[in-house]
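Heads up: numbering here begins at 1 and tracks the sequence.
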Amino acid sequence: HTSSDRDWSSDVCSSDLNRVARAGLWSKKVSFVYRSLDAEKMSQAAADLVGTHDFSSFRAAGCQAPHATREVRRIDVRRDGEFVIVEIEANAFLQHMVRNVVGTLIEVGDGRQSCGFVRQVLNARNRAFAGITAPPDGLYLIAVTYPRRFGIDTGVEHIDLPQLIR
């Protein structure tokens, strides 16, 4: 990557409704996870994804990107009431990358895997080692940042996703 690549970024957010019963009003707006999720454990595990890595374990089988190296600049996992919000900022995303990361983090959050699982999956560089592909419901592109030289000001500040979709 060149130094100008650092000027580009995208911010994607996944919102999961975490409770025992589905909510009809949230259909297609959020994904649903009935097992209790530990957002703090998910956050700890997610920290291993920050930095420049080969994300082959998190790409779709049909991904046509020439390489899987991406720079994740920030990943935040937090609970907001019944929602678990996963927000990822990166220089680029692979096909299904965010959904596969979220599916893997869910396995940590519900206790099926330890915090070290995410690092193991990342190092494996093999999609078969990762968690499920999370559903697209609740996946939102919330910002794209362009290099200043293009003069494109998106004017986007932080978006409070739970307030936005309520």
Side-chain angles (χ1 to χ4, degrees), residues 1 5-19 23 26 28-60 68-123 129-147 153-166:
H1 298 287
D5 286 340
R6 293 199 47 82
D7 296 334
W8 296 88
S9 73
S10 297
D11 199 355
V12 174
C13 189
S14 174
S15 180
D16 301 303
L17 181 61
N18 184 214
R19 66 182 195 185
W26 293 109
K28 304 295 181 193
K29 292 182 180 178
V30 297
S31 60
F32 172 73
V33 179
Y34 70 89
R35 291 183 203 96
S36 180
L37 295 176
D38 183 336
E40 183 59 36
K41 266 182 68 176
M42 292 170 71
S43 181
Q44 290 171 9
D48 285 334
L49 299 175
V50 175
T52 302
H53 304 287
D54 180 330
F55 282 88
S56 292
S57 293
F58 298 100
R59 74 189 302 175
T69 302
R70 299 294 185 259
E71 179 191 4
V72 170
R73 298 182 181 147
R74 180 178 57 83
I75 182 165
D76 295 322
V77 181
R78 66 187 183 281
R79 179 172 282 283
D80 182 349
E82 294 181 320
F83 295 95
V84 174
I85 311 293
V86 180
E87 192 172 337
I88 305 174
E89 180 183 347
N91 67 334
F93 293 102
L94 299 164
Q95 182 182 6
H96 293 221
M97 179 176 154
V98 173
R99 293 174 58 195
N100 293 333
V101 165
V102 170
T104 302
L105 290 174
I106 286 172
E107 290 191 15
V108 172
D110 70 13
R112 286 182 283 166
Q113 298 290 345
S114 69
C115 286
F117 178 63
V118 171
R119 172 59 67 183
Q120 292 170 359
V121 169
L122 184 66
N123 290 338
F129 287 87
I132 64 161
T133 301
D137 304 336
L139 184 65
Y140 298 91
L141 175 65
I142 57 175
V144 177
T145 305
Y146 299 97
D153 180 13
T154 59
V156 175
E157 295 179 21
H158 181 74
I159 295 174
D160 183 0
L161 188 62
Q163 290 299 327
L164 181 66
I165 61 176
R166 285 186 183 160

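Considering CD of E71 and CD of E89, their distance stands at 9.0 Å, rounded to 0.5 Å. In this structure, E87 CD and Y140 OH are separated by 13.5 Å, a value rounded to the nearest 0.5 Å. The distance from the OG atom of S57 to the CG atom of L49 is 10.0 Å, given to the nearest 0.5 Å. How far OG1 of T69 is from CZ of F55: 9.0 Å, rounded to the nearest 0.5 Å. Atom CD1 of I85 is separated from atom CZ of R79 by 10.0 Å, given to the nearest 0.5 angstrom.
No more than 12 heavy-atom neighbours from other residues, nucleotides or ligands sit within 6.0 angstrom of CZ on F129.
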Worksheet item: When you look at N91 and R70, which way does the side-chain contact (heavy atoms from CB on, under 4.5 Å) test go after all the steps?
Response: CA-CA 7 Å; N91 67 334; R70 299 294 185 259; 4.0 Å; yes

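With S56 contributing its side chain and A68 its backbone, the two residues share no donor-acceptor pair below 3.5 Å.
In this structure the side chain of N18 never reaches within 4.5 angstrom of the side chain of F83, judged on heavy atoms.
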Only distances under 3.5 Å count here; give the side-chain donor-acceptor pairs of residues 94-108 to other protein atoms, sequence neighbours excluded, each with its distance to 0.1 Å.
| from | atom 1 | to | atom 2 | distance (Å) |
| --- | --- | --- | --- | --- |
| Q95 | OE1 | C63 | N | 3.3 |
| R99 | NE | A134 | O | 2.6 |
| R99 | NH2 | A134 | O | 3.1 |
| N100 | OD1 | R127 | NH2 | 2.9 |
| N100 | OD1 | T133 | OG1 | 2.6 |
| N100 | ND2 | F58 | O | 3.0 |
| N100 | ND2 | H96 | O | 3.2 |
| T104 | OG1 | N100 | O | 2.8 |
| T104 | OG1 | G131 | N | 2.9 |

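Residue pairs meeting the side-chain hydrogen bond (donor to acceptor under 3.5 Å, both in side chains) criterion with at least one partner in residues 111-121, sequence neighbours excluded, are D110-R112.
Pairing each heavy atom of V77 with each of A46, the nearest pair is CG2-CB, 4.1 Å.
Listed by chain and number, the residues in a salt bridge (Lys or Arg N to Asp or Glu O under 4.0 Å) with D137 amount to none (sequence neighbours excluded). With sequence neighbours excluded, no residue forms a side-chain hydrogen bond (donor to acceptor under 3.5 Å, both in side chains) with R59.
In this structure, D80 does not pair ionically with R78, as no charged nitrogen and carboxylate oxygen lie closer than 4.0 Å.
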